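Worksheet: the structure to be examined is printed underneath.
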Amino acid sequence: MRRLVKTPRLIAAAAREVRRADRGGTLLATFYQLLGAVAALGVVAAGKLTFDALLTPDHAAVGLTPALLLLALATAVSGSVGPLQTQQHRILGERVSQRVWDRLLDTTARADLVTYESTGFATALERVRQHALTRPFAVTAALLGLTGSLLGVTAMSVVLLAVEPLLLPLLLAAGIPAVLLARWASRTEFAFAHRLTALFRRRHYLQELLTQRPYAAEVRAFDATGPLRARHDALNADVNAALSKQVRRRQLIAALTTLGVATALTGALLAIVQLVQTGRIDLAEAGAAAIAVRLLSGQLGTLFGAIGGLLESAPFLADLERFVASGPEAGPRGHKHDLVDRVSLRGARFSYPGLERPAVDGVDLEIRAGEVVALVGENGSGKTTLAKIVAGLYEPDDGVRRWDGTAMPAPDVRASVTVIFQDFVRYQMTVRDNIVISGDGVDPEAAARSAGLLPTVRGLPDGMDTMLGRDLDEGVDLSGGQWQRVALARALHRDTPLIVLDEPAAALDPRAEHELFTNVRATLGGRAALLISHRFSSTRMADRIYVMDAGRVVECGTHDELMAAAGQYAELYRLQSAAYR
Ligand code: ADP
């Protein structure tokens, strides 16, 4: 019942969206609907005139030729409205899709990282992308169809009422089962979409694995094409089974609807024959009535189809509205702050949703202006999570993060800290665009120089304007280490007082890695840095080293202090250097 109450509101909202997307286009489409209704009325009137001219030439209002010409004209207009509308709808559909995408992109841009990483968000986004994007347009098409067919139905009803009032209720009665059937169809369609989204997501992932360049080498090396393909095909089979079932259900509903309309139509035509036989109407009236009945049943078909379309779209629209309304309000843009004294965490605790054990468990940490601080520890010890808290991407569940002694809002922190993740993005754009992705910053050439990227750039065909990557255009692909320098240049370009580098040397060769770490202070040019690494040799030059284990800081100090303390750091350091000897 609540759904029925909400439906008109959702439909009105969708119609408003379409009008906003393309006001002129909506008006034009409405005009075509009106034209269609008027033309249909013209066909009946011309039909009546033609029958009159044929059957009673002496009393006819006009001659046979003008009547036939009028009939031809009305039929032609009535027939061309459809194609005109189809073409107009292509523009309208595109505009509406753009507008809905805008709202969707606004929503995803607002969502913080924690929301984004939750599976509920991803599934809802996918469902909306797959099923709800085209709905506002479907609603408009249905509303336009509804307007046109309502006009048509009214016009034909007037004609029929004039000829024989009894014919009308007979035809209208056919509508009741049609509307009920449409509601049934709507419920099954939404449930179907819900079920299929999960399947589609999994299938899409496998398609990516099987077709995208970044996976090509490993998938071939492991000879995994066959097994992955088998999983893909199994999902296809599931999709096919579900789709067939749904299509059969919809075919049954369509057949029942048509049967209802056809029965009413036949009944009306039989009634006309009966009326002629009993002499209640003459032949010309019967002819006009037959045309009117035929047209009316067509218009009723459109009308019920439109109502069905609206009912079917309602749950998807609700889904879209829920999604757009979800997530936080758009906050103000963050402002970049200088770092005068220090960034600090006190008792920071953070748990990923649904996980019992905190990934970061009561950590104290500080990074003073211009310092290089290292975070070391084994895989899964919480280094990346901690870095995300420092960078304002996650808010600690407990504890505080301070910037020069004040609890700065997360957007300001994000504007003042730059992070290069281990799996940084390789933008399929030019070298220059890869560096200036965040907009304002220092000169990109200077950033490239500091990041040690210039020798690479000099070897590229178009220097800084060379397209990188092979996914979109035929660009140049770089080695892992060269890409890593591009990412470093991007971080330096943004020119924030603190940079977080998560395994910045993972893809560099030993010489380049040694060079990066021995020159890191020059590269950073006075900025503070939080260096994450599990290679202890590369972080020994840090001003302070935090050793993490299971979400906690277990040791802290300079390399020499930690070696002298002979704790976990010293042990792991010796282990690693022994491996090299
Ligand atoms: P490190 O960087 O030291 O390897 P992480 O901070 O990446 O460690 O991970 C710490 C713990 O948090 C691990 O147990 C990891 O499985 C978990 N974790 C990391 N990222 C997520 C995430 N997005 N969702 C859920 N758990 C996560």
Side-chain angles (χ1 to χ4, degrees), residues 108 110-126 201-202 205 326-328 343 345 347-365 367 372-399 401 410 413-414 417-425 480 484 487-488 491 498-508 513 517 529-540 542 544-556 562 567-569 571-573 575-576:
T108 52
R110 271 203 322 262
D112 56 29
L113 195 60
V114 179
T115 310
Y116 214 94
E117 286 175 348
S118 66
T119 42
F121 185 84
T123 311
L125 175 61
E126 187 58 21
R201 282 194 72 195
R202 265 182 276 156
Y205 176 65
S326 74
V343 182
L345 294 181
R349 195 180 308 275
F350 181 87
S351 307
Y352 285 100
L355 291 187
E356 293 251 323
R357 207 172 63 83
V360 167
D361 195 1
V363 166
D364 293 345
L365 171 138
I367 308 162
V372 174
V373 170
L375 213 50
V376 299
E378 294 175 64
N379 286 335
S381 58
K383 304 182 297 292
T384 303
T385 310
L386 186 63
K388 285 178 176 168
I389 298 174
V390 169
L393 290 164
Y394 293 155
E395 284 300 279
D397 304 328
D398 251 329
R401 176 188 54 223
V413 175
R414 286 199 291 273
V417 182
T418 302
V419 192
I420 313 183
F421 292 106
Q422 227 173 321
D423 50 353
F424 58 85
V425 180
Q484 206 143 33
L488 185 60
L498 173 60
I499 298 186
V500 177
L501 301 162
D502 192 350
E503 298 285 1
L508 296 183
E513 178 179 357
F517 285 109
L530 180 62
L531 279 180
I532 304 179
S533 182
H534 53 247
R535 250 181 284 186
F536 289 48
S537 57
S538 50
T539 51
R540 51 182 296 179
R544 207 165 31 268
I545 301 167
Y546 289 88
V547 184
M548 290 197 70
D549 184 32
R552 292 169 189 271
V553 170
V554 288
E555 286 169 36
C556 164
L562 291 173
Q568 200 182 92
Y569 178 88
E571 186 198 335
L572 290 171
Y573 187 85
L575 262 177
Q576 286 199 356

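Both ligands and their constituent atoms are indexed starting at 1 by order of listing. Model, not experiment: these values are computed from the prediction.
Residues satisfying the salt bridge (Lys or Arg N to Asp or Glu O under 4.0 Å) test with E378, not counting sequence neighbours, are none. Checked against side chain to side chain donor-acceptor pair (under 3.5 Å), T123 has the following partners two or more places apart in sequence or in another chain: R201. Partners of R202 according to the side chain to side chain donor-acceptor pair (under 3.5 Å) rule, which considers only residues two or more places apart in sequence or in another chain, do not exist here.
Nearest heavy atom pair, residue Y546 against residue D364, reads CE2-O, 3.7 Å. Nearest approach of F121 to T115, heavy atoms of both residues: CB-O, 3.2 Å.
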Would you mind listing each N/O atom of ligand 1 next to any protein N/O under 3.5 Å, plus the distance?
| residue | atom | partner | partner atom | Å |
| --- | --- | --- | --- | --- |
| ligand 1 | 2 (O) | T384 | N | 2.9 |
| ligand 1 | 2 (O) | T384 | OG1 | 2.6 |
| ligand 1 | 3 (O) | S381 | N | 3.2 |
| ligand 1 | 3 (O) | S381 | OG | 3.4 |
| ligand 1 | 3 (O) | G382 | N | 3.0 |
| ligand 1 | 3 (O) | K383 | N | 3.0 |
| ligand 1 | 3 (O) | K383 | NZ | 3.0 |
| ligand 1 | 4 (O) | G380 | N | 2.8 |
| ligand 1 | 6 (O) | T384 | N | 3.4 |
| ligand 1 | 6 (O) | T385 | N | 2.9 |
| ligand 1 | 6 (O) | T385 | OG1 | 2.5 |
| ligand 1 | 8 (O) | G382 | N | 3.2 |
| ligand 1 | 20 (N) | Y352 | OH | 3.2 |
| ligand 1 | 23 (N) | E117 | OE1 | 3.4 |

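Proximity of L345 to L386: side-chain heavy atoms (C-beta onward) are separated by under 4.5 Å at one or more points.
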